[in-house]
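See below for the structure under consideration.
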Amino acid sequence: MKIEDAVTAVTAEANALLSCLGQPVIAYHVTAIMREADLEHARRMQLALMRRSIEALVDDGLEDGAAAHFAAQFDGRMGSAWRLLHAGEGVAH
């Protein structure tokens, strides 16, 4: 898997988030996370993006529970894509 493919996989069906935070912002952060080879640092970056995502979705009118549910799905896709991308690098997952 290439970084571009990972970013596409993570952002698929994320229209609400892409709309309220902006596609370039999301693509930038997801790309940075995918490029990060250190699992712990990537996870901290991912958690920060998830917090910001929930805040942005709530600010955009989504209820807290719905925003958290969406962010959990987004978080799962991001984690899966990161693991696939870094699977051959000998990084502890």
Side-chain angles (χ1 to χ4, degrees):
M1 175 179 272
K2 296 179 182 176
I3 288 179
E4 297 83 7
D5 298 331
V7 172
T8 299
V10 169
T11 57
E13 300 177 28
N15 295 337
L17 188 58
L18 293 171
S19 173
C20 66
L21 279 180
Q23 192 277 336
V25 171
I26 295 298
Y28 171 82
H29 287 287
V30 172
T31 300
I33 292 165
M34 292 301 132
R35 285 188 175 141
E36 178 54 58
D38 179 69
L39 174 62
E40 293 301 318
H41 189 237
R43 186 66 185 142
R44 285 191 304 273
M45 294 168 67
Q46 188 175 335
L47 290 172
L49 179 57
M50 291 308 100
R51 283 190 300 274
R52 178 64 188 112
S53 297
I54 291 170
E55 291 169 2
L57 289 166
V58 169
D59 288 348
D60 210 44
L62 207 59
E63 293 182 14
D64 287 342
H69 178 73
F70 173 83
Q73 291 177 325
F74 188 60
D75 186 48
R77 284 196 310 266
M78 193 173 322
S80 295
W82 189 93
R83 285 187 296 279
L84 285 171
L85 185 64
H86 295 277
E89 297 178 6
V91 178
H93 302 283

Co-members of Tyr28 in a cluster of I, L, V, M, F, W and Y side chains, linked at under 4.5 Å: none

Apart from Leu47 itself, members of its ILVMFWY cluster (side-chain separation under 4.5 Å) are none

Where is the tightest heavy-atom contact between Met34 and Leu85, given as atom of each residue plus distance? O-CD2, 3.4 Å

Donor-acceptor pairs under 3.5 Å, side chain of residues 60-76 to any protein atom, not counting sequence neighbours: which ones?
from, atom 1, to, atom 2, distance (Å)
His69, NE2, Gln73, NE2, 3.4
Asp75, OD1, Arg43, NH1, 2.8
Asp75, OD1, Gln46, NE2, 2.5
Asp75, OD2, Arg43, NH1, 3.4
Asp75, OD2, Arg43, NH2, 3.4

Whether the side chain of Arg77 engages the backbone of Ala12 through a donor-acceptor N/O pair (distance < 3.5 Å, no angle test) should be reported. yes

Looking only at heavy atoms, which two atoms of Ala37 and Trp82 are closest? And how far apart? O-CZ2, 3.5 Å

Atom OG1 of Thr11 and atom CD of Gln23: how far apart are they, to the nearest 0.5 Å? 7.0 Å

Check the pair Leu49 / Val30 against side-chain contact (heavy atoms from CB on, under 4.5 Å), numbers first and verdict last. CA-CA 8 Å; Leu49 179 57; Val30 172; 4.1 Å; yes

Give the minimum heavy-atom separation between Asp38 and Glu36, together with the two atoms involved. N-OE2, 3.0 Å

If the condition is side chain to side chain contact (heavy atoms under 4.5 Å, CB included), which residues does Thr31 pass it with, not counting sequence neighbours? Ile3, Val7, Arg35

Cluster check Met78, Ile54: I/L/V/M/F/W/Y, side chain < 4.5 angstrom: no

Applying side chain to side chain contact (heavy atoms under 4.5 Å, CB included), can you list everything that pairs with Asp5, at least two apart in sequence or on another chain? Met1, Lys2

Per-pair distances, 0.1 Å, donor-acceptor, side chain in residues 13-20, under 3.5 Å, sequence neighbours excluded:
none

